[in-house]
Amino acid sequence: MSVSPGPGMPSASLFVNLLSALFIPFVFGETEIRFAGQTEFVVNETSTTVIRLVIERIGEPANVTAIVSLYGEDTGDFFDTYAAAFIPAGETNRTVYIAVCDDDIPEPDETFIFLLSLQKPSANVKLGWPRTVTVTILSNDNAFGIISFDMPPSITVREPRGRNESVPLTLIREKGTYGMVTVTFEVEGGPNPPEEDLSPVKGNISFPPGIAIVVYNLTVLDDEVG
């Protein structure tokens with residue numbers, strides 16, 4: 001005598017397949033290592049900035065040593081770019097700490113990747129996901145510069161007759177020179193409206209990437225007013 005499942009009832013083979021899918025990792029005794037918790041960090045470059053990375057083991061208990069290492073070039077932005085974490089069979093996680101190095105070098109935003117790996121890979125221990133951590137250190141130490149005039153605070157010029165004359169204004173970008181930086185200016189003061197004597201009276205002055213000095217020419221107008 002055979003018994004068929006009624007309408008809407010799952011078959012016994014379906015239950016077997018589901019149970020197999022659920023228990024496959026444990027039947028074969030697999031152990032998985034991965035990052036747990038936060039894996040993307042945006043931090044400031046300070047002497048107290050420390051990044052906390054949690055490594056966890058799931059599956060079959062086992063003694064495992066995990067490695068966290070910086071991917072790519074060591075630019076000196078971290079005190080340590082390598083850390084080892086031993087997770088004994090009786091525990092499930094370990095925490096490693098990556099300290100940011102606070103230097104005096106102007107730098108733009110920088111993004112780094114730390115990779116998780118196994119000290120001794122084996123058939124029963126594998127890497128899970130996530131296995132990478134991204135750390136972005138925000139621009140610091142005035143990476144885009146400090147803009148100021150590099151000239152005397154007071155300049156005296158004679159109003160030209162029959163022609164216009166240019167007065168060079170020198171601006172300097174100190175410290176960092178990263179990126180395009182634009183400053184605005186506006187001329188104020190005088191007994192008469194400034195546009196009668198100078199041109200332009202407002203506008204923008206830009207520093208291209210890597211440029212520390214810009215000379216901007218302001219035009220003195222012959223307004224033919226005695």
To the nearest 0.5 angstrom, please state how far the [atom1] atom of [X] sits from the [atom2] atom of [Y].
{"X": "I213", "Y": "L171", "atom1": "CD1", "atom2": "CG", "value": "10.0 Å"}
{"X": "E45", "Y": "D104", "atom1": "CD", "atom2": "CG", "value": "8.5 Å"}
{"X": "S69", "Y": "I113", "atom1": "OG", "atom2": "CD1", "value": "11.5 Å"}
{"X": "N140", "Y": "I105", "atom1": "CG", "atom2": "CD1", "value": "9.5 Å"}
{"X": "R131", "Y": "R34", "atom1": "CZ", "atom2": "CZ", "value": "12.0 Å"}
{"X": "L118", "Y": "I33", "atom1": "CG", "atom2": "CD1", "value": "6.5 Å"}

Atom of [X], atom of [Y] and distance for their closest heavy-atom approach:
{"X": "G76", "Y": "D74", "answer": "N-OD1, 3.0 Å"}
{"X": "T92", "Y": "I87", "answer": "C-CG2, 4.0 Å"}
{"X": "Y216", "Y": "P200", "answer": "OH-CG, 3.2 Å"}
{"X": "T177", "Y": "I211", "answer": "CG2-O, 4.1 Å"}
{"X": "P168", "Y": "V215", "answer": "CB-CG1, 3.8 Å"}
{"X": "N63", "Y": "A89", "answer": "OD1-N, 2.7 Å"}

With a 4.5 Å cut-off on side-chain heavy atoms, are [Y] and [X] touching?
{"X": "P194", "Y": "K202", "result": "no"}
{"X": "F112", "Y": "D77", "result": "yes"}
{"X": "I55", "Y": "V68", "result": "yes"}
{"X": "I205", "Y": "F185", "result": "yes"}
{"X": "F41", "Y": "T136", "result": "no"}

Main-chain N/O of [Y] paired with [X] side-chain donor or acceptor, under 3.5 Å:
{"X": "D109", "Y": "S139", "result": "yes"}
{"X": "R173", "Y": "Y178", "result": "yes"}
{"X": "T39", "Y": "V133", "result": "no"}
{"X": "R57", "Y": "E91", "result": "yes"}
{"X": "Q38", "Y": "E40", "result": "yes"}

More than 12 foreign heavy atoms under 6.0 Å from CD of E186: is that the case here?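 Yes, the 6.0 Å shell around CD holds more than 12 heavy atoms from other groups.
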Under the ring-ring contact (aromatic ring centres under 6.0 Å, His included) test against F114, which residue among Y97, Y71, F78, F35 passes?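 Among Y97, Y71, F78, F35, the one that satisfies the ring-ring contact (aromatic ring centres under 6.0 Å, His included) with F114 is F78.
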- prompt: What about L115 and V64, same hydrophobic cluster or not, with Ile/Leu/Val/Met/Phe/Trp/Tyr joined at side-chain heavy-atom distances under 4.5 Å?
  reply: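 Result: no, two separate clusters.
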Applying side chain to side chain contact (heavy atoms under 4.5 Å, CB included) to V100 and V50, what does each step give before you reach the verdict?
CA-CA 6 Å; V100 173; V50 177; over 6 Å; no
Query raised in the report: Are L138 and V42 close enough, and set up right, to give a side chain to side chain contact (heavy atoms under 4.5 Å, CB included), and what steps lead you there?
Result: CA-CA 7 Å; L138 298 176; V42 179; 3.6 Å; yes
Any side-chain donor near an acceptor of the partner, N44 and T46, under 3.5 Å:
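No donor-acceptor contact under 3.5 Å links the two side chains.
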*Do we see a donor-acceptor contact under 3.5 Å between the side chains of T219 and S199?*
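Side-chain D/A pair, T219 to S199: absent.
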For this session: Determine, stepwise, if the pair L127 / L116 fulfils side chain to side chain contact (heavy atoms under 4.5 Å, CB included).
Result: CA-CA 8 Å; L127 286 176; L116 182 66; 4.0 Å; yes
- Criterion side chain to side chain contact (heavy atoms under 4.5 Å, CB included) on V220 and D197, from CA distance to verdict: CA-CA 6 Å; V220 181; D197 298 298; 5.8 Å; no
